[in-house]
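Since the structure comes first, as structure tokens, the remarks are kept for the end.
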Amino acid sequence: MQEHPIVLADANNFYASCEAVFHPEVAGKPLVVLSNNDGCVVSRSYEAKALGIANGTPWFTIRQEAAYDQVIARSSNYELYGSLSRRMMSIMSGFLPGQEVYSIDECFMHSPWDSERTRRIAAVMRRAVLQGVGIPVSIGIAPTKTLAKITNHWAKRHPSSHGITTWGNLSRDDQGTAVLSSIEIDDVWGIGRRLAKRLRGLGIRQAAQLRDQDPVNMRRRFSVQLERTILELRGIPCIADDNDATGGKRDCQILCSRMFGTPILGEEGLRQAASVYAQYACRRLQRQHSLCTRVSVFCASSPFSKHDQYSSVCGSILLQDPSDDPVIISSAARQALHGRITPSVRYVRVGVMLTGLVDAASYDTLPALGAQTDSGLSEAFEQVARRFGPAHVGIGFAGIRGDGRNNGDTGAAWAMRREMLSSRCTTRWDEMPVVRAD
DNA sequence: TCTGGGGTCCTAGGACCC
DNA sequence: TCTGGGGTCCTAGGACCC
């Protein structure tokens, strides 16, 4: 047994839990959080799960039944979730070293202690997050990331674990029989729908059976990833740490894409949307101090439409020099689709992808390499945004605002729908909660 | 009427070079 | 006319994750 275990902390029903933090009246009730455009269910409270609502269900197909069951629905409020996530991660980083924020609601940590001491620290950490942010987390402690995922899963499903399960504290028999034999193959980290189907075809149904396969043989038949998963299930760490200290820095690509509130017909509307999303992507590029060398844009019609045939196109522009200039990038995005779209197709999505990312710092020292960097326009936009709020200025449609609660978006007809948005309590002065002491 | 968004890694195959 | 073998780089696409 390895004595420096990996700790995985993962929030329970994160988005749904966030909605209850500043609205305690919804706690204990069935609540679902919907994706952008109020499309699909992406997070559910325990009570909503108990009603049999599955993740990914299109909201319009269950809306009436949900109303009957008094289910509360919320549009996704990423501003709130992001803010609570940062608080939660910050609290946890004070308890154990080597935090890797893996997603908005979970992080790995590397404990220098043995399993038992790690468990005691994790219990204190868990209470600190609950008290400091109001979000319940579950914790798995194990020698590898894949096993930490499995023990975390176990902790979530077994109330007797009080939110924490430690692999090293289980007997060898329990590890195999109670835990690995009860985990279905699709619940193993790294095994998706397709792979699970192929494995079941070979009679491999539970995690324990996968662990007992020959790794070399499975690598030949499937992939190097599957070999790693098998070794991880045996307690041999093979999944590299993503210890990029800059936090959230993207190495390969930055993508910004959205479904529209209403479909777009014709090139001009798509060009407007592409230009707006290019500016969002550009802001993220600048925040991580990168430049990009290629701007790609894709757009697609609805894959569900009964009237139109599905159609998708993409175009891409290679920049002359690496750049983070929103003028250059948004203009490339406008050009990328030129002449490619079909005028009669109703497009419902557009996305802008920035690739070929390079570190801006390497061009600071070698100006002769010729990067086209932003001359200060973005900084001016940021200053205006800080003083007057988001979306007051921008290039083209990005400078146009919608009305009311959605005024962070452009006022275009295709802007997303968010009809059930909760307050952005921690990021907007005018939406701060009011507390009365009677 | 109404079906999310943002990533990573790996592999195959083509282009190109010597 | 004939037309190998090995390497690298890039891109597209598939599969997976939350």
Side-chain angles (χ1 to χ4, degrees), chain A residues 8 10-15 32-43 54-64 66 73-78 81-82 85 100-108 145-146 149 152-153 185-199 219-220 222-229 238-242 244 248-263 277 280-281 284-285 288 293-294 296 298 300-307 310 312 314 316 318 346 348-357 416-420:
Chain A
L8 173 66
D10 187 326
N12 302 349
N13 316 330
F14 182 59
Y15 298 165
V32 296
V33 176
L34 306 177
S35 62
N36 279 336
N37 266 324
D38 298 337
C40 301
V41 173
V42 290
S43 179
N55 242 350
T57 312
W59 176 234
F60 76 91
T61 63
I62 57 164
R63 178 182 236 152
Q64 294 201 332
R74 293 277 182 261
S75 303
S76 39
N77 185 345
Y78 289 108
Y81 311 150
S85 169
E100 285 173 49
V101 177
Y102 179 69
S103 72
I104 193 165
D105 72 333
E106 63 186 301
C107 66
F108 291 106
K145 290 185 173 173
T146 305
K149 279 277 192 184
N152 188 292
H153 191 82
I185 197 84
D186 1 21
D187 290 332
V188 174
W189 192 41
I191 311 291
R193 255 205 345 264
R194 312 234 168 182
L195 206 46
K197 196 173 163 201
R198 290 176 65 194
L199 290 170
R219 175 187 185 140
R220 247 196 318 266
F222 293 89
S223 68
V224 62
Q225 285 112 316
L226 188 61
E227 180 190 31
R228 287 183 195 143
T229 300
C238 314
I239 294 179
D241 296 340
D242 181 17
D244 188 339
K249 181 161 176 165
R250 306 292 161 224
D251 295 332
C252 302
Q253 61 175 45
I254 289 175
L255 173 69
C256 185
S257 94
R258 295 279 187 287
M259 302 277 300
F260 304 130
T262 49
Y277 298 149
Y280 293 159
R284 300 212 307 254
L285 186 71
Q288 67 168 46
T293 51
R294 183 179 285 278
S296 309
F298 59 88
S301 66
S302 169
F304 306 105
S305 171
K306 291 180 187 68
H307 317 293
Y310 177 69
S312 87
C314 62
S316 140
L318 189 62
R346 291 151 37 99
V348 299
R349 165 196 290 284
V350 77
V352 175
M353 206 185 321
L354 308 182
T355 52
L357 305 191
M416 345 180 242
R417 270 196 306 277
R418 290 150 96 193
E419 286 163 359
M420 298 163 280

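For the numbers below, each heavy atom of this structure counts, side chains included, while hydrogens, waters and symmetry mates do not. This structure is a prediction, so every number in the text was calculated from the model and none was measured. Numbered from 1 within each chain, the chains take letters A, B, ... in sequence-line order.
OP1 or OP2 of dT3(B) has not a single side-chain nitrogen or oxygen of R349(A) nearer than 4.0 Å. For the pair R228(A) and dC10(B), the criterion of a side-chain N or O lying under 4.0 Å from OP1 or OP2 is met. Distances shown here put every side-chain N or O of K149(A) at or beyond 4.0 Å from the OP1 or OP2 atom of dC17(C). Between dG7(B) and S103(A), no contact under 4.0 Å exists linking OP1 or OP2 to a side-chain N or O. Of the side-chain N and O atoms in R194(A), none sit less than 4.0 angstrom from OP1 or OP2 of dC17(C).
Checking C256(A) against F222(A), the closest nucleotide of DNA chain B that is more toward the 5' end is the one next to C256(A).
Closest contact between the side chain of R417(A) and the listed nucleotides dC2(B), dG6(B), dG4(B) involves dC2(B). In this structure, the nucleotide among dT3(B), dC18(C), dC10(B) sitting nearest to the side chain of D105(A) is dC18(C). Here the side chain of N36(A) is nearest to one of dC10(B), dG5(B), dT3(B), namely dG5(B). Proximity note for R346(A) (side chain, C-beta onward) versus dG4(B), dC2(B), dG7(B): the nearest is dC2(B). Comparing dC18(C), dC2(B), dT3(B) by their nearest atom to the side chain of F304(A) picks out dT3(B). Closest to the side chain of Y102(A), from the set dG6(B), dC2(B), dC17(C), is dC17(C). Distances from the side chain of W189(A) to the nucleotides dC9(B), dC17(C), dT3(B) place dC17(C) closest. The side chain of R294(A) has dT11(C) as its nearest neighbour among dG6(B), dT11(C), dC2(B).
Among the heavy atoms of the strands lying under 4.0 Å from S257(A) are primed sugar atoms or P, OP1, OP2 only; no base atom is included. At a threshold of 4.0 angstrom between heavy atoms, the contacts of L34(A) with the nucleic acid are absent. In this structure, E106(A) reaches the sugar-phosphate backbone alone: every heavy-atom distance under 4.0 Å involves primed, P, OP1 or OP2 atoms, never a base. Within the nucleic acid shown, V188(A) comes within 4.0 Å of sugar-phosphate atoms alone, with no base atom in reach, counting heavy atoms only.
You'll find the side chain of D105(A) stays beyond 4.5 Å of the side chain of N12(A), heavy atoms only.
Scanning both residues, M259(A) and N37(A), for their nearest heavy atoms gives O-ND2, 3.0 Å.
Between K149(A) and D187(A) there is no salt bridge, since none of the side-chain N atoms of the basic residue sits less than 4.0 Å from a carboxylate O of the acidic one.
Going from atom OH of Y81(A) over to atom P of dG5(B) covers 15 Å, rounded to whole Å. The distance between atom CD1 of I191(A) and atom P of dC10(B), rounded to the nearest whole Å, is 15 Å. D186(A) has its CG atom 12 Å from the P atom of dC18(C), to the nearest Å. Atom CD in Q225(A) sits roughly 12 Å away from atom P in dA15(C) (whole-Å rounding).
Here dG6(C) sits opposite dC17(B) as a Watson-Crick or G-U wobble pair (both hydrogen-bonding atom distances under 3.5 Å).
Between Y81(A) and F14(A), the two ring planes are perpendicular [angle over 60°; tilted spans 30° to 60°].
Spacing between dC2(B) and dC18(C) at atom C1', rounded to whole Å, works out to 25 Å.
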